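This report concerns only the one structure given below.
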Amino acid sequence: MAEPFTFERKHICKQSGARTGVLHTPHGDIETPIFMPVGTQATVKAMTPRDLLDVNANIILGNTYHLYLRPGHKIVEEAGGLHRFMNWNRPILTDSGGFQVFSLAKINDIHEDGVMFRSHIDGSKHFFTPESVMEIEQSLGADIAMCFDECAPYPSDRQYTIDAMERTHRWAQRCKAAHTREDQALFGIVQGGMFADLRIQSAKTLTEMDFPGYGIGGLSVGEPKQIMYEMLEVLMPHMPENKPRYLMGVGSPDCLLEGVLRGVDMFDCVLQTRAGRNGMALTRRGRMTLKNAKYERDFTPLEEGCDCYCCRNFSRAYLRHLFKEKEILGAQLLTMHNLRFTLRLMEDVRRAINEDRFGDFARELLEQGIYDGPGEAKN
RNA sequence: GGAUGGGUUCCCGAGCGGCCAAAGGGAGCGGACUGUAAAUCCGUUGUCACAGACUACGAUGGUUCGAAUCCAUCCCCAUCCA
């Protein structure tokens, strides 16, 4: 029997060097480059699994930190694993919770052994170690699990970044040792902040550990986009070519194109779903705020030519009305559009790569002002 | 007909002699959103020639250096009594 998880490279675009491939997982194949909708709490907010199939989502995310706190990974395991619990039969990737522990549970002590943090829900104390996180992720049973890493904030000085990165490496080793489930792939996570040499060092160290895939963490944490692109360029030559590369937490349509140009295979981002719930639509010509008064009598579809359920059946005026009235359907329809928009974009991206014209494809979309994503430094 | 309580900026509603263009909420308008503590958050909301002036707190008249705030009359509204 074949390996439960393999990555097969398919084509390298002669024009841009971007690549397509296929990830084989126990719950089906994933064509890359891929965008993964985020379903933190065992649900992609506002979407039913049927909706997700409708927009042709292929793999979605779940979150270790959140599912551990509620409902508890043991309950998910009792339910038959995350797939059965949420009734999603295609692939799932679980994030390790490293990002959450370091970004929102602020009262934490970082030890070599693990991290002590307080729940954002009730303030209760919890301790995560690489081993305990592996236990949780194996209970959840996603197709792909992520190592427990330390995501340094932006900006961080060199020494802090080194400490976080080296700890991430040691934890990666421990995660690997503790991970035994054979129907689940465990990805390592490259760190190194905004320091080119550290990024390279991190890539090399993790490559030696031989993971079936690699996350690129610690980017898109508030730095200017140009710096993120530079880091990707510096890093990529040191990432194994025969393994999938997952740029964590990215992105907006422009970042997806820029990431693919630099060799990224997998992306995830909350923007599509969150913005959808808040009344913002992604389109090839940029962002649209459906609440704006100018759409009051605009009876045209959200985006001409879009094949999503929302665009095929409803007008901008109707969407504006739903958002003004805070009707749930508005959030559902826009989330649907934003996901379909992004997944269709990735379908087009793969086709363009396979036809050796991805360079032109990306340039054209970027020039015509495809949604240019969140700005620079936030927080 | 009598008694009592009220009439405040688009709406609700605080203020009860100067610090009031007037709290707070809603609505309106605009902005933000990148490994989801987000169906959330932020800004703004009388007019203008805008560090100032003007018009505004049911109406009119008055007291006062000064009134949304005090007095008089009137007009409405609510509840209760006949």
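All figures in this text were calculated on a predicted structure; none of them were measured in a lab. The sequence lines fix the lettering, A, B, ..., with proteins before strands; numbering per chain opens at 1.
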Worksheet item: Does the pair A:D197 and A:Q201 meet the rule for a side chain to side chain donor-acceptor pair (under 3.5 Å), with working shown?
Response: CA-CA 6 Å; A:D197 60 318; A:Q201 187 186 328; over 6 Å; no

Could you measure between the two [atom1] atoms, the one in [N] and the one in [M], and give it in whole Å?
N	M	atom1	result
B:rG58	B:rC75	C1'	8 Å
B:rA23	B:rC16	C1'	14 Å
B:rG62	B:rG46	P	31 Å
B:rC33	B:rC41	C1'	9 Å
B:rU4	B:rC10	C1'	31 Å
B:rU44	B:rA22	P	13 Å
B:rU69	B:rA21	C1'	16 Å
B:rU8	B:rG13	P	8 Å

Which nucleotide in the set [options] lies at the smallest distance from any side-chain heavy atom of [X]?
X	options	answer
A:S96	B:rG35, B:rA32, B:rU36	B:rG35
A:C255	B:rU34, B:rC33, B:rU36	B:rU34
A:M280	B:rU34, B:rC33, B:rA37	B:rC33
A:R274	B:rU34, B:rG31, B:rA39	B:rU34
A:S220	B:rG30, B:rU36, B:rU34	B:rU34

Sugar-phosphate only, base, or nothing, as touched by [X] at under 4.0 Å among non-hydrogen atoms:
X	result
A:A293	sugar-phosphate
A:L61	sugar-phosphate
A:M146	nothing
A:D268	sugar-phosphate
A:E150	nothing
A:G218	base

So which nucleotide does [N] pair with, by the Watson-Crick or G-U wobble rule with both distances under 3.5 Å?
N	value
B:rG17	none
B:rC70	B:rG62
B:rG5	B:rC77

Exercise for review: Determine yes or no for a side-chain-to-main-chain donor-acceptor pair under 3.5 angstrom, with A:R174 supplying the side chain and A:R170 the backbone.
Suggested key: no

Taking [atom1] from [X] and [atom2] from [N], how many angstroms apart are they, rounded to a whole number?
X	N	atom1	atom2	answer
A:L290	B:rG30	CG	P	12 Å
A:L271	B:rC41	CG	C1'	15 Å
A:R277	B:rC33	CZ	P	15 Å
A:F323	B:rA27	CZ	C1'	19 Å
A:Q41	B:rA39	CD	C1'	14 Å
A:I144	B:rG35	CD1	P	18 Å
A:K291	B:rC41	NZ	P	11 Å
A:E325	B:rA27	CD	P	9 Å

- Is the A:F314 to A:Y309 ring centre distance short of 6.0 Å? yes

Query - Short side-chain N/O contact to B:rU34 OP1/OP2 from A:K225, under 4.0 Å - result: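 The answer is no; no side-chain N or O of A:K225 sits under 4.0 Å from OP1 or OP2.
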
Problem - A:N292 vs B:rG30: side-chain N/O to OP1/OP2 distance below 4.0 Å - result: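 For A:N292, the contact criterion (side-chain N or O under 4.0 Å from OP1 or OP2 of B:rG30) is met.
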
Task: A:R316 NZ/CZ over A:F299 ring centroid, <6.0 Å and within 45° of normal - done: no

**Q.** Test ring-ring contact (aromatic ring centres under 6.0 Å, His included) applied to A:H120 and A:Y65, step by step
**A.** CA-CA 10 Å; A:H120 69 278; A:Y65 170 88; 5.5 Å; yes

Between A:R320 and A:L219, whichever has its closest RNA chain B nucleotide further toward 5' is A:R320

Whichever of A:Q191 and A:K326 has the more 5' nearest nucleotide on RNA chain B, that residue is A:K326

Base B:rG35 paired with A:N63 side chain (donor-acceptor, <3.5 Å):
no

Contacts satisfying ring-ring contact (aromatic ring centres under 6.0 Å, His included) that involve residues 7-60 of chain A (not counting sequence neighbours) are A:H27-A:H83

Dump the intermediate steps for salt bridge (Lys or Arg N to Asp or Glu O under 4.0 Å) on A:R312 and A:D307, then the final yes or no. CA-CA 6 Å; A:R312 280 187 289 120; A:D307 63 0; over 6 Å; no

* Excluding sequence neighbours, so at least two apart, what forms side-chain contact (heavy atoms from CB on, under 4.5 Å) with A:I200? ->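 A:I200: side-chain contact (heavy atoms from CB on, under 4.5 Å) contacts with A:K204, A:V234, A:H238.
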
